[in-house]
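Below you'll find the structure, written out as structure tokens, and then a few comments.
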Amino acid sequence: YVGCKVTRWSAGQTPVPGRRYISYCPHRMTHPIIQRLVGAPALFFPPRVNIMNIKCFKTAAAVISIFSVGVLSPAAHAAPAAATAEQQIQLYHGLPPARAAALVDVVDRFNAQEKGIKVVLSDKDWHTGSPRLLILEGEDEDNFVAGTPRYKALHVLMKEAGVPLQTLRPPAMMTRTPVDAKGRLLALPVGLSTPVLFLNRNALRQAGINPEAPTVGTWFELQETLGRLADTGHTCPYTVSEPGRVMVENLSAWHNEPVATARGKTMAPSFNGMFQVKHVAMMASWARARYLHMFDQRNEAEQRFAAGECAVIAAPSASWAEFRRQGKVDVAVMRLPYHEDFPGAPQNTIADGPALWTAAGTKPTEYKTVARFISFWLQPENQVAWQRETGYLPLNRAGLLASRSELLGDDLENVRVAVDQLTNKPTTADSAAQPVVERERVRRILDEELAGVWSDQKAAKEALDNAVTRATVTK
């Protein structure tokens, strides 16, 4: 298989004639050797040597040397340079293993073309170290951007380095944390996602529901579907990952309902209105009917769905990649349902997730390397590979167009659904991202108060009123 990592083809597995394999090679072209091996065309993207079986790679390298002279770039045949003392730019991250592997791939391929300065990954506590690059989210990101700026604004860094910043202009439905008041990027939002609905096709079939056209467009339609699942013996018809983010933050935007109100020159939380109370009360009735099951641990809902224990889940769009990677569920992805009695719904949801920050005080030569690294990451083929492996949303027009390509099959179906949902209608003041609600402390407060609803200890209105009061105090 000529030194290429082939999707869903483990080392030693016999390729199936006629099946399409998406391979990673130095050239985006159809290679005749691959066609002869598997009897089908292959799509080529950059090499992913680090996650290949090394024995197979050595064999493939020998094949390349015989059959591919003149096809691969000279760099592909170059011998490793002698070990020398080289400068390093430390990149901190806390990504889970599969996404960390995708990051390793990006970094390794970038370092292969660099001389002198290398990007080196680290998962050590960024508070005690001195990383120059940091992928942060949640409370870590909140702490990093609080107080005196500790970062170099991305738009400034790229301009000073003379490297174009090939990204889409940050839309209003995107998290405002890595964006300044003028809409310019302070950091690269490498891990954007938005909540969508995932369904277990096999569970739907067992309930007599057509998995290719399930009726789940509205919340009442989803309720009927969950009832059929429960009637056929499914013990966990529906669950939710990050309930505060889904049920309050995103569903409010999806229905063009405000979650914050202006008080003087500042915004204050106000997510205890009629819409939020109605939806949470509906979910409480589902919990009592055993349609909805909530779990204590942050990722437990996704783990239960991935294991086939829950039939439907509202979860971040990026979870698609992990669900498919585990392979235990035939998963479908659809837009979130909406309530028909709210005029104008559905509107749009919110995109949020980790961002890549650059620490202030870095040497000019290191800033230039950082600029080249970001430019490399934003190249079309790298964007496609990043989306496929992590499930995250595209960062530029090239990545967006790739997600629409039929050549990738359903590999990026989650991206297509998420983008359609995010851009369903032009963003309004009420459906835009609200920084006062996005903070991790506010989301934690929401989840804590909502837990009282799921345990039938609090009414929906009481829980949301408490959450607003607590969030205002911690503002």
Side-chain angles (χ1 to χ4, degrees), residues 133-138 141-142 144-194 245 249-250 252-254 256 258-262 264-269 317 347-360 367 370-371 373-375 377-378 383 386-387 392-401 403 415 418-440 442 475:
L133 291 168
L134 308 93
I135 297 180
L136 301 173
E137 65 175 325
E141 188 174 47
D142 292 343
F144 182 75
V145 301
T148 304
R150 290 185 278 184
Y151 56 85
K152 176 87 168 183
L154 179 61
H155 68 93
V156 174
L157 183 157
M158 300 298 282
K159 183 176 181 180
E160 290 179 353
V163 178
L165 182 56
Q166 302 290 348
T167 63
L168 296 169
R169 181 174 179 81
M173 86 286 291
M174 191 189 92
T175 173
R176 306 325 288 165
T177 305
V179 183
D180 69 9
K182 295 183 178 180
R184 299 173 298 189
L185 284 175
L186 302 174
L188 189 66
V190 296
L192 292 177
S193 66
T194 192
R245 183 187 178 200
E249 196 175 332
N250 276 273
S252 295
W254 194 223
N256 201 27
V259 292
T261 303
K265 295 182 179 180
T266 62
M267 299 296 289
S317 55
Q347 178 70 34
N348 64 268
T349 52
I350 307 297
D352 194 11
L356 176 67
W357 296 83
T358 305
Y367 277 140
V370 169
F373 176 59
I374 290 173
S375 179
W377 201 336
L378 292 173
Q383 277 292 287
W386 182 248
Q387 291 175 65
Y392 289 137
L393 297 176
L395 297 174
N396 53 27
R397 190 168 299 281
L400 190 62
L401 292 174
S403 71
V415 173
V419 170
D420 286 345
Q421 188 174 275
L422 288 164
T423 59
N424 185 61
K425 289 180 183 176
T427 311
T428 69
D430 288 335
S431 69
Q434 291 291 346
V436 72
V437 179
E438 287 182 333
R439 292 202 313 253
E440 189 66 18
V442 175
K475 180 175 176 295

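Heavy atoms only: backbone and side chains are in, while hydrogens, waters and symmetry mates are out. Treat the numbers as computed from the prediction; the structure is a model and nothing was measured.
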Distance-minimising heavy-atom pair for [X] and [Y]:
X	Y	value
P394	L400	CB-N, 3.5 Å
Q383	L378	CG-O, 3.7 Å
I350	A433	CD1-N, 3.7 Å
A172	T427	CB-CG2, 3.8 Å
A355	E141	CB-OE2, 3.6 Å
P189	L185	CD-CD2, 4.0 Å

(request) Using the six-membered ring wherever Trp is involved, compare the ring planes of W386 and Y392 and label them parallel, tilted or perpendicular (cut-offs 30° and 60°). (result)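 Tilted.
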
Any non-hydrogen side-chain atom of [X] less than 4.5 Å from a side-chain atom of [Y]?
X	Y	result
K152	V370	no
L133	L356	yes
N250	R245	yes

Would you give the length of the straight line joining atom [atom1] of [X] to atom [atom2] of [Y], rounded to the nearest 0.5 angstrom?
X	Y	atom1	atom2	answer
W357	L188	CH2	CG	11.0 Å
E249	T175	CD	OG1	8.5 Å
L186	L154	CG	CG	8.5 Å
T358	F373	OG1	CZ	10.0 Å
Y367	L157	OH	CG	6.5 Å
L192	D352	CG	CG	7.5 Å

(message) side chain to side chain contact (heavy atoms under 4.5 Å, CB included) for L422 and L393? Distances and angles first, verdict last.
(response) CA-CA 11 Å; L422 288 164; L393 297 176; 3.6 Å; yes

Is it the case that the side chain of [X] and the backbone of [Y] share a donor-acceptor pair, with hydrogens and angles ignored and the cut-off at 3.5 Å?
X	Y	result
N348	S431	yes
D142	E440	yes
N396	Q166	yes
S317	T194	yes

(message) Between T349 and M173, is the side chain to side chain contact (heavy atoms under 4.5 Å, CB included) condition met? List the steps.
(response) CA-CA 7 Å; T349 52; M173 86 286 291; over 6 Å; no

(message) Please tell me whether W254 and Q421 have a donor and an acceptor in their side chains that are separated by less than 3.5 angstrom.
(response)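 No - no donor-acceptor pair under 3.5 Å links their side chains.
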
(request) Step through the shown structure and confirm whether more than 12 heavy atoms of other residues, nucleotides or ligands are within 6.0 Å of NZ on K425. (result)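 Atom NZ in K425 is packed in, count exceeds 12.
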
